[in-house]
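Taking it in order: structure first as structure tokens, then the write-up.
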Protein chains: 2
Amino acid sequence: MANPRSTTRAGRSTGAVTLQRVAEHAGVSIATASRVLHGGGSRTVGEELRRRVESAARELGYVSNAPAQALARSATSVVGLIVHDVADPYFAAIAAGAMRAARRQRLMIMIAATFRDPELEIEYVRSLRAQRARALLLAGSGTDDRSLTDRLAAELAGFREDGGRVACIGERGAGPAVPLDHAGGAARAATELWRLGHRRIGVVAGPAELLTVQQRLAGARQALAQLGGELPDSRVVFADFTRAGGREAALELLAREPGLTAVLALNDVMAAGVLAAVQDDLGRAVPGDVSVVGFDDVPFAVDLRPALTTVRLPLEEAGERAVQLVVEEAPADRPPLGVSLVVRDSTGPAPQR
Amino acid sequence: MANPRSTTRAGRSTGAVTLQRVAEHAGVSIATASRVLHGGGSRTVGEELRRRVESAARELGYVSNAPAQALARSATSVVGLIVHDVADPYFAAIAAGAMRAARRQRLMIMIAATFRDPELEIEYVRSLRAQRARALLLAGSGTDDRSLTDRLAAELAGFREDGGRVACIGERGAGPAVPLDHAGGAARAATELWRLGHRRIGVVAGPAELLTVQQRLAGARQALAQLGGELPDSRVVFADFTRAGGREAALELLAREPGLTAVLALNDVMAAGVLAAVQDDLGRAVPGDVSVVGFDDVPFAVDLRPALTTVRLPLEEAGERAVQLVVEEAPADRPPLGVSLVVRDSTGPAPQR
DNA sequence: ACGGTCATGGTAAGCGCTTTCCACGAGGTA
DNA sequence: TACCTCGTGGAAAGCGCTTACCATGACCGT
């Protein structure tokens, strides 16, 4: 006797409407009811009975019990999505793409925000494992902390063993991934700055332990090196991946090297902070005195003043692809998503000395 | 025989590790194992056995099966959140708040984006019903379409009958709600404009059928009337709740009534479009020629140029409260969330004629 | 007419848990 | 000593589905 049945206000015992009741109402076996209501794999049900079951279900207001189905089939239709922070436009875009795809696949997506706590991330993949999610989408880059990464990997391995699929958005070494060319994007941005005559470029980076920032940073550094320039450590400062972080970092950067003519912010929300620092706090002109370029091309980039030149990452499409990947709706060998530089008004020729 | 057991690559049949196996490994009954691993309601288990079970679980790498638990207890720990669009900062903020609270409650949140399709919304509450979600959070306002609203209400009633709780963010007439004072906020914005000397004010509104816009509009209208002013229909234009919508609406509005000295945008993302239209397309100064005020105070409002004066809605807190409400962590009679006007640079005295 | 195929309906054995009983021994009380 | 009450452990009956397997009858070819 696991559960007491619920009762209406009038006191008549009703219980929830179950397949059982639908079957009785329609005068068929519950096997038949199941087959018509939930598409009983390759079995057909006669016209007459099918109709009876369908109307019984409608009359009774039957709603299937997903947990019970999950238990019986040992498969669910939920996919988990783990992000750092839903309110960050970067992740919001990915989530939006994932939802769009999920809708097509009739999947439900369960989302978890780690608030950048790796510990919590591990805890969430465990929860999603318990939920028997059909797949797991990891957005948001990992860190370079070995022990954390290993524990995460173990949990993911377990998830896979239970038959779950996992996809990472942005490389992370864990399973099939939707690659995002962070390095290439950064290289493109640096190259553009170089082309404009900038020789003393600084970068405002996010948390140093994030793989994403390492990749972006490396991309910029390498491009500059190839061009004959350089990006000494003194010209990069790490801070939170937030507006405030960007602002503080920019202030510090410009204090350290007042001669910088351009700064590359490793994401758009930091870039907003940089713009504020340079223009409002320092009273310098953008792009007259210093050019700034962002990264991601989030929706509000165009509304910054000056409108932000930035590296566009097809985030929404990445989210979409990730779910396609785990439900193999799409061939695994699609061309990688391209990054591109969108030039707006925050960049200009380096000022003459 | 419902399910084939899974098999390792080596061919040894392993099966998933179930409570059953943990119990065997620990040499106890599965009842006992259940009690120690899942806190068997008010029953205590001896020190010794408890330890044995715990280490057995750890050694075997046991992960509980949420669907099975849900079936047995007929209760889950997932709460559904239905929004229009996760990428919209308004909803993203609500979602972030909800996630924060969910984490404290050890709940998982399942999110669904309707992309503003009421049909889809109904479909999603049905899915969430099937999932046996413990509660449902409806963010995003409803429409005034009677038939749609009724169908939604029916579905929600069913959800409640099954024991689910539902909370709306922003009034919607469906169950306990986290009220958001849309009208009051709009009134405050209008009043400020009036105080600055503006007498010919226009409003750029979202879709006319949304309750939210109706409330905001009504608030502004009433405040103006009270002040001795007016807001004729010719001065409000409806458009999509997007940047593009805001821009087009602003263009149309100013074409219709070139003498407007201020425009109130019914949300910040539309306000961004308005700013673009007024300054870039029309070449007029803000706030010199026309003042603009937004609504919501999304994070990027401060980065718009000029920085946007807007009505602040405590969205994140609203999301948090909504989940507290459905899990009754908090008393139901907390003071309502306050709205406030944050004055920045996009508003100024009405220009002298 | 007979064995063989199909198409279609039902039976019942699970899926992995939770929880109600029941059993049993230890201590307390009268 | 007889009778209770606790504190603990286990047996087993579900929870609401899915699906292998069996039964039945119709239809076919020979």
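Numbers restart at 1 for each chain; the letters A, B, ... are given by sequence-line order, proteins then strands. Note that these values count all heavy atoms, side chains included, but never hydrogens, waters or copies made by symmetry.
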Exercise for the section: Take B:Glu119 and B:Arg151 through the test salt bridge (charged side-chain N to carboxylate O under 4.0 Å, His left out) and record every step on the way to the result. Expected result: CA-CA 9 Å; B:Glu119 224 37 92; B:Arg151 289 202 295 134; 2.6 Å; yes

Practice task
On DNA chain D, check which nucleotide each of A:Pro67 and A:Thr32 is closest to and give me the residue with the more 5' one.
Solution key: A:Pro67

Practice task
Indicate yes or no: does A:Glu123 engage B:Arg106 in a salt bridge with an N to O separation below 4.0 Å.
Solution key: yes

Fill in the blank from the handout: Residue pairs meeting salt bridge (charged side-chain N to carboxylate O under 4.0 Å, His left out), one or both in residues 130-149 of chain A, sequence neighbours left out, come to A:Arg146-A:Asp150

Handout entry: Any A:Gln69 side-chain nitrogen or oxygen under 4.0 Å from OP1 or OP2 of D:dT18
Key = yes

Problem - Spacing of B:Gln20 atom CD relative to C:dT18 atom P, expressed in whole Å - result: 13 Å

Problem - Basic-acidic side-chain contact under 4.0 Å: B:Arg58, B:Glu54 - result: no

Completion exercise
Sorted by chain and number, sequence neighbours left out, salt bridge (charged side-chain N to carboxylate O under 4.0 Å, His left out) with A:Asp85 holds for none

Exercise for the section: Kindly write out the residues that satisfy side chain to side chain donor-acceptor pair (under 3.5 Å) with B:Ser29, not counting sequence neighbours, or none if the list is empty. Expected result: B:Thr32

Exercise for the section: Could you tell me the separation between the CD1 atom of A:Ile30 and the P atom of D:dC15, rounded to a whole number of Å? Expected result: 12 Å

Exercise for the section: For the side chain of B:Ser29, starting at C-beta, report the closest nucleotide among D:dA11, C:dT18, C:dT11. Expected result: D:dA11

Completion exercise
In whole angstroms, the gap separating P of C:dT19 from NE2 of B:His38 amounts to 11 Å

Problem - Angle between terminal axes - the helix from C:dA1-D:dT30 to C:dA30-D:dT1, 5 pairs each end, rounded to 10° - result: 40°

Fill in the blank from the handout: When rounded to whole Å, the CG to C1' distance for the pair A:Leu37 and C:dG9 reads 16 Å

Exercise for the section: Give the rounded distance in Å between these two atoms: CG of B:Leu71 and P of D:dC15. Expected result: 9 Å

Handout entry: side-chain hydrogen bond (donor to acceptor under 3.5 Å, both in side chains): pairs with one or both residues in residues 75-84 of chain B, sequence neighbours excluded
Key = B:His84-B:Thr114

Exercise for the section: Send over the distance from B:Glu47 CD to D:dG9 P, rounded to a whole Å. Expected result: 10 Å

Problem - Interatomic distance, B:Leu60 CG vs C:dG16 P [rounded to whole Å] - result: 14 Å

Might you list the N or O atoms of the protein lying below 3.5 Å from N or O atoms in nucleotides 6-8 of chain D, with each pair's distance?
residue: D:dT8; atom: OP2; partner: B:Thr44; partner atom: OG1; Å: 2.5

Exercise for the section: Quickly work out the B:Arg35 CZ to C:dG16 P distance and round it to whole Å. Expected result: 20 Å

Practice task
Could you grab the distance from atom CD of A:Glu155 to atom CG of A:Leu128, nearest 0.5 Å is fine?
Solution key: 10.5 Å

Practice task
Please determine, for the side chain of A:Ser34, which listed nucleotide (C:dT18, D:dT18, C:dG10) has the closest atom?
Solution key: D:dT18

Completion exercise
Quick note, B:Asn65 side chain, CB onward, closest among D:dT18, C:dT19, C:dG16 is C:dG16

Practice task
Using only heavy-atom distances, decide whether a donor-acceptor pair under 3.5 angstrom links the side-chain of B:Arg21 to the base of C:dG16.
Solution key: no

Practice task
To the nearest 0.5 angstrom, please state how far the CG atom of A:Leu315 sits from the CD1 atom of A:Ile169.
Solution key: 8.5 Å

